[in-house]
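Computed from a predicted structure; not experimentally measured.
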Amino acid sequence: MSETDPRPEEELVDQDDAVIGKAFRWSLVGFLAIGAVVGIVLALTGKDDEPAAQEGPVIEGPSKTVEAEDAPPVQFTDITKEGEIHFSHFNGARGGKYLPETMGSGCAFLDFDGDGDQDLLFVDSAPWPWDADEEGSRITHPELWESNGSGRFTFVETAFKQGNLYAMGAACGDYDADGDVDVLITGVGANWLFRNDEGAFTFVADAGVTGPKDAWNTSAGFCDLDRDGDLDLFVCNYVKWSREIDETQNYTLKGVGRAYGPPTSFEGTHSFLYRNNGDGTFTDVSKDAGIQVSNPATGAPMGKALGVSFADFDGDNDFDIFVANDTVQNFLFENKGGMTFEEVGVLAGVAYDTRGAATGAMGSDVGDVRGDGNLGIAVGNFASEMSSLYVARKGGLQFNDDAISEGIGAPSRKALSFGLFFFDYDLDGRLDLFQTNGHLEEEINKVQPSQYYEQPSQLFWNAGPDARSAYALVDPDSVGDLSRKVVGRGCAYADIDADGDLDIVITQCGRAPLLLRNDQATDHHWLRVVVKPKQGSPIGTRVTLTIGGRSQTRVVMPTRSYLSQVELPVTFGLGKTTKVDSLSIRWPDGQTTTHAVEGVDRVVTVER
């Protein structure tokens with residue numbers, strides 16, 4: 001839903017609940033009717049013998065109802081000042097209400113200097129070129145903060161100074177296979193690529209990924225999509241935008257004045273796919289690869305892409321691409337090999353919500369929700385739209401939106417959600433879900449009393465396979481500073497203080513970020529795994545840990561959330577278990593190795 005929807009927010013919530021209730025009632029009537037028919041048939045046939053014994057075990061579904069208070073108490077502590085981070089996002093807003101001002105920005109955890117600590121990158125925007133006064137001449141650039149390994153950071157003044165770009169997001173990956181992490185910065189009108197040479201970044205202008213001057217580049221990610229050993233690049237493109245187009249919208253909030261126009265007022269665009277040539281350059285293969293989707297009625301570009309996720313959804317050992325689109329259908333590009341894709345979002349069940357409507361989709365992530373190998377796709381959506389949770393069914397590329405049944409639907413409905421990701425915050429071996437929220441309009445509460453510009457982030461605890469619903473919203477009063485109201489946009493995770501659990505950073509639009517230290521005290525054990533291939537990037541490596549006969553799988557994939565990137569090491573929560581049965585690694589080239597693990601609560605580095 002966009003802000004142009006004429007229905008008040010409260011009416012939307014009531015109608016949605018009514019639809020759900022109506023569906024339930026009709027289902028109940030159907031079941032009763034079936035039961036009656038069966039009873040009549042049995043009566044007519046006169047079969048009153050004992051039922052025959054069933055062959056095999058009786059499989060019962062989850063029966064345990066889990067409440068929020070069952071979640072272990074875990075405190076997150078704001079250490080932004082303690083960590084000595086002084087960054088504040090600058091969005092250039094001067095009252096013109098241009099749409100890019102409210103959509104940024106992202107962040108990234110990366111080990112840029114190879115010392116094992118997770119450093120932190122903040123993406124900044126810029127003044128608009130038509131603002132020629134002193135404030136308009138301000139120079140901004142992405143800011144890199146070097147970690148000392150204990151939660152404190154030092155600003156690296158020499159990194160990423162390239163003039164002004166109205167930047168949005170970041171993508172991290174070793175595109176030149178020299179052993180260190182390079183960085184792409186996306187923005188309105190260009191992408192900037194920085195090559196990392198042993199901790200020093202160099203701007204690369206001729207790599208072929210700058211993009212068109214009229215593109216609004218948002219989330220991006222590196223991934224080896226053609227299985228040739230080097231990292232390709234996917235860049236989301238949002239809407240067709242310019243100052244002139246924006247000013248013709250003249251969108252207003254009643255009693256307030258000019259407001260940010262909804263994406264429905266702007267034309268769609270095509271995203272970009274760049275194939276790595278293996279020599280430090282890329283080729284734009286978007287058109288031939290099949291990732292350009294047009295409206296069949298008009299022939300115009302359909303996409304309004306804000307989030308991208310890579311995963312092997314169809315189990316054929318290559319990476320497919322999920323794209324979260326704002327107010328139009330989501331895309332799922334099935335990898336057909338040879339850098340060709342087929343868009344199957346509608347057929348796979350991930351294009352729309354449970355009502356068959358497109359959502360205001362922002363960020364996305366992929367994870368094994370139930371621990372049964374069936375992937376779930378989480379998507380943060382606009383206010384009055386619950387977050388989506390598309391869960392795969394066995395035996396094919398087919399998903400159902402299980403947001404309601406798995407417990408995140410109702411609690412997420414009112415929030416306007418941007419960044420979100422799966423992670424195991426309490427180290428019990430199950431993937432929990434975090435999402436950060438915040439509205440577009442500073443004065444939204446004046447016209448929608450139930451909406452606020454600043455909104456609390458939300459943490460959903462994974463209750464496990466025995467629960468009827470996988471997720472329970474953790475009580476905001478029990479999570480410390482994590483529930484602080486923010487204008488949330490990007491978010492990412494990493495272990496910044498080497499204690500084994502995952503900490504969080506949240507970016508805010510036009511404000512300072514929030515760095516949250518995970519102070520969980522569950523006494524749960526953990527194992528962190530760092531993988532190093534013979535050459536090239538570890539991105540795409542599949543790591544499986546087996547404990548007590550049960551397995552957990554994590555994929556080395558930094559591209560998650562919204563405009564953001566997470567760390568490369570993977571973290572396994574072990575709960576109370578102190579012994580690891582085995583560690584299996586499927587490397588990006590398809591080869592699998594198995595390793596013994598001695599001890600827990602430590603970092604294991606596996607080199608090939």
Ignoring hydrogens and geometry, is there a side-chain-to-backbone donor-acceptor pair from Asp365 to Ser561 under 3.5 Å? no

Take atom CZ of Arg554 as the centre, draw a 6.0 Å sphere, and report whether it contains more than 12 heavy atoms from other residues, nucleotides or ligands. yes

Tell me, do Leu332 and Glu334 make a side-chain contact under 4.5 Å, heavy atoms counted? no

Aromatic ring proximity Phe319/Phe310, centre distance under 6.0 Å: no

Any side-chain heavy atom of Phe201 within less than 4.5 Å of one from Thr158? no

Passing candidate, salt bridge (charged side-chain N to carboxylate O under 4.0 Å, His left out) with Asp589, options Arg608, Arg227, Lys534: Arg608

Pair up each side-chain donor or acceptor in residues 490-500 with any protein partner under 3.5 Å, not counting sequence neighbours, and list the distances.
from   : atom 1 : to     : atom 2 : distance (Å)
Asp495 : OD1    : Asp497 : N      : 3.4
Asp495 : OD1    : Ala498 : N      : 3.1
Asp495 : OD1    : Asp499 : N      : 3.3
Asp495 : OD2    : Asp499 : N      : 3.4
Asp495 : OD2    : Gly500 : N      : 2.9
Asp499 : OD1    : Asp501 : N      : 3.3

Correct closest heavy-atom pair for Thr269 and Val239 would be CG2-C, 3.4 Å

Any Tyr238 side-chain heavy atom under 4.5 Å of Pro263 side chain: yes

For Gln508 and Val487, indicate whether the former's side chain and the latter's backbone hold a donor-acceptor pair under 3.5 Å. yes

What is the ring orientation for Phe194 with Phe160, classed by angle as parallel under 30°, tilted 30 to 60°, or perpendicular over 60°? perpendicular

When you compare the side chain of Leu568 with that of Val530, does any pair of heavy atoms fall below 4.5 Å? no

Can a donor-acceptor pair be found between the side chains of Asn381 and Ser388 at a distance below 3.5 Å? yes

Under 3.5 Å donor-acceptor pairs involving side-chain atoms of residues 344-354, not counting sequence neighbours:
from   : atom 1 : to     : atom 2 : distance (Å)
Tyr352 : OH     : Gln329 : OE1    : 2.8
Asp353 : OD1    : Arg355 : N      : 2.9
Asp353 : OD1    : Gly356 : N      : 3.1
Asp353 : OD1    : Ala357 : N      : 2.8

Does the side-chain contact (heavy atoms from CB on, under 4.5 Å) test come out yes or no for Phe222 and Met557, once each step is laid out? CA-CA 9 Å; Phe222 289 100; Met557 184 57 66; over 6 Å; no

Treating Asp232 as the side-chain partner and Asn276 as the backbone partner, does any N or O pair qualify as donor plus acceptor under 3.5 Å? yes

Assess whether a salt bridge exists between Asp581 and Arg550, defined as any Lys/Arg side-chain N lying under 4.0 Å from an Asp/Glu carboxylate O. no

CD of Glu146: more than 12 outside heavy atoms within 6.0 angstrom? yes

Taking all heavy atoms of Ala415 and all of Gln458, pick out the closest pair and write down the distance. CB-OE1, 3.9 Å

Start with the C-alpha gap between Asp224 and Ile539, add the side-chain angles, then the distance that decides, and say whether side-chain contact (heavy atoms from CB on, under 4.5 Å) holds. CA-CA 8 Å; Asp224 183 4; Ile539 289 176; over 6 Å; no

Taking the side chain as every heavy atom from C-beta outward, state whether Val235 and Leu184 have any pair of such atoms under 4.5 Å apart. yes

Taking the side chain as everything from C-beta on, heavy atoms only, tell me whether Met302 gets closer than 4.5 Å to Phe331. yes

Side chains of Arg370 and Asn462: do they bring a donor and an acceptor to under 3.5 Å? no

Give a yes or no on whether a salt bridge exists between Arg528 and Glu567, defined as a side-chain N under 4.0 angstrom from a carboxylate O. yes

Any non-hydrogen side-chain atom of Pro142 less than 4.5 Å from a side-chain atom of Leu121? yes

If you measure from CZ on Phe234 to SG on Cys236, what distance do you get to the nearest 0.5 Å? 5.0 Å

Side chains of Trp587 and Thr593: donor-acceptor distance under 3.5 Å anywhere? yes

Using the rule given for side-chain contact (heavy atoms from CB on, under 4.5 Å), can you reason through Met103 versus Leu440, listing the C-alpha separation, both sets of side-chain angles and the distance that settles it, and then say yes or no? CA-CA 8 Å; Met103 299 300 290; Leu440 305 181; 4.1 Å; yes

Test side-chain contact (heavy atoms from CB on, under 4.5 Å) applied to Val369 and Phe422, step by step: CA-CA 9 Å; Val369 173; Phe422 292 104; 4.2 Å; yes

Is the closest side-chain donor-acceptor distance between Gln435 and Ser387 under 3.5 Å? yes

Geometric class of the Phe341/Phe333 ring pair [parallel <30°, tilted 30-60°, perpendicular >60°]: perpendicular

Check whether the side chains of Thr544 and Ser551 place a donor and an acceptor atom closer than 3.5 Å, and report yes or no. no

Check the orientation of Trp241 and Trp216. Use parallel for under 30°, tilted for 30 to 60°, and perpendicular for over 60°. perpendicular

Would you sort out whether Tyr175 and Phe282 count as a ring-ring contact (aromatic ring centres under 6.0 Å, His included), showing the intermediate values? CA-CA 10 Å; Tyr175 81 91; Phe282 293 79; 5.7 Å; yes

With distance as the sole test, does Ser105 use its side chain to make a donor-acceptor pair with the main-chain N or O of Met168 at under 3.5 Å? no

Are a donor atom and an acceptor atom from the side chains of Asn374 and Asp372 found within less than 3.5 Å of each other? yes

Between Asp401 and Leu389 (side chain of the first, backbone of the second, donor and acceptor by atom type, cut-off under 3.5 Å), is there such a pair? yes

Verify the distance criterion only: is there a donor paired with an acceptor across the side chains of Asn437 and Ser417 at less than 3.5 Å? yes

Is there a donor-acceptor contact under 3.5 Å linking the side chains of Ser537 and Asp174? no

With a 6.0 Å cut-off (strictly less than), is the heavy-atom count around CD of Gln535, excluding the residue itself, greater than 12? no

Side chains of Asp124 and His89: does their closest heavy-atom pair fall under 4.5 Å? yes

Can you say whether the rings of Phe423 and Tyr425 are parallel (under 30°), tilted (30 to 60°) or perpendicular (over 60°)? tilted

Arg489 and Thr507: side-chain donor and acceptor closer than 3.5 Å? no

Over 60° means perpendicular and under 30° means parallel, so tell me whether Phe203 and Trp192 are parallel, tilted or perpendicular. perpendicular

CG on Asp326 to CZ on Phe266, rounded to 0.5 Å: 11.0 Å

Restricting to side chain to side chain donor-acceptor pair (under 3.5 Å), what partner residues turn up for Arg195, sequence neighbours left out? Asp197

Decide yes or no on salt bridge (Lys or Arg N to Asp or Glu O under 4.0 Å) for Arg393 and Asp402, but give the supporting numbers first. CA-CA 11 Å; Arg393 297 299 181 254; Asp402 291 343; 2.8 Å; yes

Check Asp320 with Lys336, please: is the shortest side-chain N to carboxylate O separation under 4.0 Å? no

